[in-house]
Amino acid sequence: MILAGQYVRDLLETAPGASVTARGWVKTRRDGKNVHFIQLNDGSSPTDLQVVVEQGLLAPEVIARITTGASLTVEGDLVASMGKGQKVELKARSVVIHGTADPEEYPLQKKKHNLETLRPLGHLRARTNTFGAVFRVRNALARAIHQFFQERGFLYIHAPVISSSDAEGAGSMFQVTTLNLEAGKPADFSQDFFARRAYLTVSGQLEAEILALAFANVYTFGPTFRAENSNTPRHLAEFYMIEPEMAFCDLNDDQDLAEAFLKSLIGQVLADCRPDLEFLSKWYEPELFQNLENVLAGPFERISYTEAVSLLQKSGKNFEFSTEWGCDLQSEHERYLTEELFKKPVIVTNYPRGIKAFYMRLNDDGKTVAAMDVLVPRIGEIVGGSQREERHDALRDRIREHAATGMHEENYWWYLDLRRFGGVEHAGFGMGFERMMMYLTGMKNIRDVIAFPRTPGNAEF
RNA sequence: UCCUCAGUAGCUCAACGGUAGAGCAUUCGGCUGUUAACCGAAGGGUUGUAGGUUCGAAUCCUACCUGAGGAGCCA
């Protein structure tokens, strides 16, 4: 295996003179009269290691098998490069070919491919420069998320992937069953594996609330599932979500944390992955650094829903959808606020109760709830959160209001119990991991920031 | 799910009612401390699928499949 300090990334930073071993996959080979050049990469760096093979070291039929995609181990000496483009190169003493890649059949060429072309090649696209950069950023982002919360004493918790909550309506959830379901036959779910209907989770929030009321500050970071038939560049059926939940916390604290969170993540990834971001900026989003630094530059704009509606009405824009108070903000409204009016992240708070979830805390006006959405240019809503309703009777009443949509008070006995025993004001938010990835990498389609995207009609690999 | 657009060589595209083409890739030859290498030649196609109109369809029409963008839903 490749040990720490022996990745291509490390070798490129090693002083000339060292005797080293490099392992990886061939990007390209170029042949000179007296020498062959092999671009080798192990996925650790956006820059390849140039391997120099002098004429005579390998038989011509061996050289011929070193083509794009082949896997190699090369032993040799790191030497100062005679050519431009790299400080050091590996002068080979021995080359072992582990696996070849028939150039007549290997689909990846040493030219640029469309992202759409690469998508059906999910088993090979990780070897490209673009996906190398994307997945390294993904790793750095995940680490930055844990670091942010760990530094603040948050407990990393694991919400269940299988949930029996039917609050969201079965239409948007994947059902989990071991029964042999047949169309037209009524199923007896009391005989099912969990002795009830079960689903893949659409959110770990309710469980996070339980643990927040024991550990004060907690966060989840795990897979989430939505069975919506959404065919857009921003939606996945399986995605990762981060959900912090804080006791002794109101909506202002919630906003402060969300803003600090986003700034911390961007700052950390800018520091950790600059060469990758430069590559992505060059090929996919020229304004990437400008966008990211703009988030760090100053405080987010914070406005209430009511102010947002007023600003939309005064905008002079001809919106397709209504901007009347009580209507939800549409994509076009969110884009106007964050991209045109404020040109920076905007937090919109205190939405009408009718368009938000039952667990959000009812404000004193009786008309709005303590919700917040963080909107960013290019992506739209990247964070959604709220202060939760901690008053038992108020929460019970809201659940009863939703009875018509299939919510049953008895299913929420434990959720209500949290308000009976040591309840306290608390708040939290959810951030889509892949949405944040899109913002950080400049990728325009969410299917290109996750290794194996699950979308309607697609679960290959 | 709805609306719009697009499917032509391995890849990126041209031809828009009259014999299916180029660049890159591949193979072969040449040149070269090269780095999106360069020069020359060759191979490579049931134009997404199925119907229809026409003397003749990649081109026009219909349906379906696949993909992309927009919308809804949301993270």
Side-chain angles (χ1 to χ4, degrees), chain A residues 27-40 47-55 64 67-69 79-86 89 91 101-121 128-129 168-169 171-172 201-205 220-243 258 283 320-321 328-332 334-335 355-357 373-376 379-385 429-439 444-450 455-458:
Chain A
K27 278 275 168 60
T28 70
R29 190 193 82 223
R30 295 177 298 277
D31 301 316
K33 188 176 184 183
N34 301 310
V35 75
H36 307 278
F37 298 99
I38 301 164
Q39 299 296 126
L40 195 70
T47 309
D48 304 320
L49 177 67
Q50 173 161 286
V51 175
V52 182
V53 178
E54 293 199 336
Q55 201 68 264
T67 56
T68 302
V79 298
S81 179
M82 292 164 64
K84 292 175 189 163
Q86 59 278 318
E89 61 194 16
K91 190 177 173 191
D102 183 348
E104 300 270 15
E105 292 186 65
Y106 190 59
L108 298 182
Q109 301 162 11
K110 57 182 171 184
K111 63 175 292 188
K112 229 185 136 193
H113 291 77
N114 277 354
L115 294 170
E116 289 85 354
T117 305
L118 255 16
R119 234 167 263 153
L121 301 174
T128 64
N129 291 330
E168 306 291 327
S172 66
T201 183
V202 293
S203 164
Q205 181 201 316
T220 70
F221 184 176
T224 310
F225 305 87
R226 301 281 165 87
E228 300 289 350
N229 192 2
S230 296
N231 293 287
T232 84
R234 302 181 303 284
H235 289 87
L236 291 166
E238 175 184 296
F239 61 99
Y240 277 71
M241 188 154 66
I242 298 94
E243 295 180 286
W283 292 105
E320 186 185 346
F321 289 91
D328 207 354
L329 298 183
Q330 303 294 320
S331 292
E332 56 174 352
E334 295 179 347
R335 271 205 308 277
I355 58 174
K356 287 293 182 181
D373 284 354
V374 183
L375 314 177
V376 295
I379 307 292
E381 185 184 337
I382 198 164
V383 163
F429 61 81
M431 184 185 80
F433 185 63
E434 285 79 12
R435 292 266 175 95
M436 188 63 188
M437 277 295 294
M438 292 173 75
Y439 197 65
K444 305 292 187 293
N445 193 310
I446 200 165
R447 293 159 204 172
D448 298 325
V449 298
I450 187 168
T455 54
N458 207 332

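First the proteins, then the strands, lettered A, B, ... as listed; each starts at 1. In what follows, every heavy atom counts, from backbone to side chain, and hydrogens, waters and symmetry copies are set aside.
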| said: Distance criterion of 3.5 Å, no angle test: do you see the side chain of A:H235 paired donor-to-acceptor with the base of B:rC74? | reply: yes

| With no angle test and no hydrogens, is the base of B:rU34 tied to the side chain of A:Q50 by a donor-acceptor pair under 3.5 Å? | yes

| message | Over all strands shown, is A:D31 touching base, sugar-phosphate only, or nothing at heavy-atom distances under 4.0 angstrom? | response | base

| For A:E334, which contact category applies under a 4.0 Å heavy-atom criterion: base, sugar-phosphate, or nothing? | nothing

| task | Assign A:N231 to base, sugar-phosphate, or nothing according to its heavy-atom contacts below 4.0 angstrom with the strands shown. | result | base

| message | Any donor-acceptor pair under 3.5 Å linking the side-chain atoms of A:E243 with those of A:S203? | response | yes

| field | Presence of donor-acceptor pair under 3.5 Å, side chain of A:R435 and base of B:rC74 | value | yes

| field | Aromatic stack A:F239/B:rA75: centroid gap under 5.5 Å, interplanar angle under 30° | value | yes

| Distance only, no hydrogens: is a donor on one side chain within 3.5 Å (strictly under) of an acceptor on the other, for A:H36 and A:E54? | no

| request: Would you mind classifying the nucleic acid contact of A:Q330 as base, sugar-phosphate or nothing, using non-hydrogen atoms under 4.0 angstrom? | output: sugar-phosphate

| request: State the pairing partner of B:rU12; accept Watson-Crick or G-U wobble contacts with both distances under 3.5 Å, and report none otherwise. | output: B:rA22

| A:N114 CG to B:rC24 C1', straight-line distance once rounded to whole Å | 14 Å

| Which part of the nucleic acid does A:I382 contact within heavy-atom distance under 4.0 Å: base, sugar-phosphate only, or nothing? | sugar-phosphate

| At under 4.0 Å between heavy atoms, what does A:T232 touch on the DNA or RNA strands: base, sugar-phosphate, or nothing? | base

| Interatomic distance where CG belongs to A:D102 and P belongs to B:rA25 [whole Å] | 17 Å

| field | Pair assignment for B:rU27, Watson-Crick or G-U wobble, requiring both distances under 3.5 Å | value | B:rA41

| message | What's A:M82 touching, base or sugar-phosphate or nothing? Going by heavy atoms closer than 4.0 Å. | response | base

| request: Would you kindly check whether a donor in the side chain of A:S230 faces an acceptor in the base of B:rC73, or vice versa, at under 3.5 angstrom? | output: yes

| remark: In whole angstroms, the gap separating C1' of B:rC31 from CD of A:Q55 amounts to 14 Å

| query | Base, sugar-phosphate, or nothing for A:P120, non-hydrogen atoms under 4.0 angstrom? | reply | nothing

| said: Using a 4.0 Å heavy-atom cut-off, does A:R226 contact any base of the nucleic acid, only the sugar-phosphate backbone, or nothing at all? | reply: base

